[in-house]
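All ligand and atom numbering here is 1-based and tracks the order in the structure.
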Amino acid sequence: MNHKLEEVKNSLKKYGQEHLLNHYETLDDIHQQKLLEEITQIDFELVNSLYKNANQEAKKEKDQITPIEFLDKNKLYDDYRKYEKIGQKSIQKGELAVVTMAGGQGSRLGHDGPKGTYDLGLDSHKSLFELLCDSIKETNKKYDVMIPWFIMTSKENNQATIEFFEKNKNFGYQKDKNLFFFIQGELPMVDMEGKILINEEGQIKLAANGHGGVYEALVKNKMTNKMRDLGIKWVFIGGVDNCLAKMTDEVFLGLAIDKGVCSASKSVVKVRPEEKVGVFCKKNGKPSIIEYIDITKEMAEAVDEEGELLYGESNIIAHLFNLDAIEKMGGAVLPYHAAFKKATYLDKNGKLVVPDSPNAYKFEAFMFEAFGEIDDMVVLRVKREDEFAPLKNADSAGVDCPKTARELYKKFHHLD
Ligand code: UTP
């Protein structure tokens, strides 16, 4: 018997995952080799421990949570021009790059294809990718530059994303010159019994490891080296699903440079104290985000002497880092959180199962879990209606859906 197959069988037995070879004999040579290779790459200890913890409350350590200072973009007064000028200079020198995280599954939206390819239903029928690109191109035009654009994909959607860009002539960008695609890390999905799933092709069912995987993916795929070669000093990282994201904001960039910090994040103020959103804070003196379930009523309602909420700055996934910070965070080991999702898989009889409700765990790391690696961060509050039009759900949900995102986009751009 094939030596590698024997080795794999032993290891699967040890971890109770023997079913992964159920369909081995039905695969051709190439797929057999691919499967064995994938199995040897799995960290079974990690997968087992993630599964065990999936249904358990994470142990809450005694963290010291304190408010984080923030500035309001609309109350910078004279400093506004100062920061703007500093930011403009940096952009003109070619020091800024944009990373768009587009590796998510977009399962709540339910669109067939990468989320960035979604047509928001504007008269122009532009996709989310194109709307984001328009915003970068506006800055390019203003300063006669070409801000490098890096797109993070997952193995699942990488090809479809690249093909979509090609079909659209890369929106005027040039692949491998100022447009770069890189693939984020993955982890196996497991069913409710902790068994790793098999996908349609008889291979391991893998899923992207969360937006927290962005730092490691940037470093491992040598994107940070590329950035250094291009003379980049600052990197904006944002999601693909906010069609009002201001990724090349001069004031935001100038503020970070002027304050001498290695990172900056944008926030919007909570609609009301009890709103269920994660908010910026300091955890043991380091920048962080506290999830709404961990905020007591007292904390949620606490205000400073000016009546501002002490924990009122919610995260819109709009972060700016210098390259050293990204590299540092890229080396950090982040905790994973289990998300219960729908996953199509092959059952033990080789039958394809397409579930209509969640049936499997996916393990994800969150971006902000890496903030503990960095020393400081300025938080800049921006106006919700100017910079935040999230697209998360299908229209039936009524919130953060195509209808609401489209209305916000149109209102901001005076399209009605
Ligand atoms: P969300 O956490 O809202 O997830 O991602 P999602 O995958 O888009 O949608 P659901 O939860 O399945 O409905 C916020 C941003 O982070 C990116 C997403 O593409 C989005 O831009 N992301 C998320 C990744 O790039 N990779 C991931 O593994 C997860």
Side-chain angles (χ1 to χ4, degrees), residues 50 98-118 120 127-129 131-133 135 149-158 160-161 164 180-189 205-218 220-221 223 235-245 247 265-266 276-278 289 291-292 314-319 326 330 334-344 355 357-370 388-397 399-402 404-405:
L50 292 176
V98 170
V99 171
T100 297
M101 299 184 297
Q105 283 186 314
S107 51
R108 285 168 288 172
L109 179 64
H111 164 59
D112 184 21
K115 206 184 205 178
T117 66
Y118 188 77
L120 198 57
S127 61
L128 286 177
F129 278 132
L131 296 176
L132 292 182
C133 192
S135 157
W149 192 17
F150 293 76
I151 315 277
M152 180 168 85
T153 63
S154 60
K155 260 198 201 138
E156 220 178 334
N157 72 16
N158 182 61
T161 305
F164 182 79
F180 306 92
F181 297 91
F182 64 103
I183 303 176
Q184 71 175 108
E186 292 179 308
L187 280 168
M189 290 187 81
K205 178 95 185 173
L206 295 161
N209 62 0
H211 47 62
V214 67
Y215 315 109
E216 187 192 57
L218 279 166
K220 274 199 177 159
N221 289 291
M223 293 295 131
V235 184
F236 176 93
I237 307 185
V240 73
D241 48 12
N242 173 13
C243 58
L244 280 184
M247 299 157 287
S265 287
K266 286 187 174 180
K276 292 180 173 172
V277 288
I289 286 175
E291 297 289 3
Y292 71 86
S314 43
N315 176 24
I316 58 169
I317 317 189
H319 308 292
I326 291 182
L334 304 184
Y336 286 104
H337 304 262
F340 200 40
K341 301 245 179 179
K342 280 191 267 185
T344 303
S357 57
N359 61 325
Y361 294 108
K362 172 179 191 269
F363 301 106
E364 299 183 314
F366 299 153
M367 273 189 92
F368 67 83
E369 302 269 18
F388 194 43
L391 178 60
K392 300 286 179 192
N393 307 309
D395 271 332
S396 53
V399 286
D400 300 344
C401 59
T404 53

Inset, instruction - Sorted by first residue and then second, give each salt bridge (charged side-chain N to carboxylate O under 4.0 Å, His left out) pair with at least one member in residues 206-216; sequence neighbours left out. - result: Glu216-Lys220

Inset, instruction - Could you check whether the rings of Phe150 and Phe180 sit parallel, tilted or perpendicular, using 30° and 60° as the cut-offs? - result: parallel

Inset, instruction - Report the relative orientation of the aromatic rings in Phe340 and Tyr361; use parallel for angles under 30°, tilted for 30 to 60°, perpendicular for over 60°. - result: tilted

Inset, instruction - Would you check if Met152 and Met223 make a side-chain contact, meaning some heavy-atom pair closer than 4.5 Å? - result: no

Legend entry - Sorted by chain and number, the residues that approach ligand 1 to under 4.0 Å with a heavy atom: Met101, Ala102, Gly103, Gly104, Gln105, Gly106, Ser107, Arg108, Lys115, Met152, Gln184, Ala208, Gly210, His211, Gly239, Val240, Asp241, Ile317, Lys341, Lys392

Legend entry - Partner set under salt bridge (charged side-chain N to carboxylate O under 4.0 Å, His left out) for Glu156, not counting sequence neighbours: none

Inset, instruction - List in chain and number order the residues that pass salt bridge (charged side-chain N to carboxylate O under 4.0 Å, His left out) with Glu186, two or more places apart in sequence or in another chain; answer none if no residue qualifies. - result: Lys155

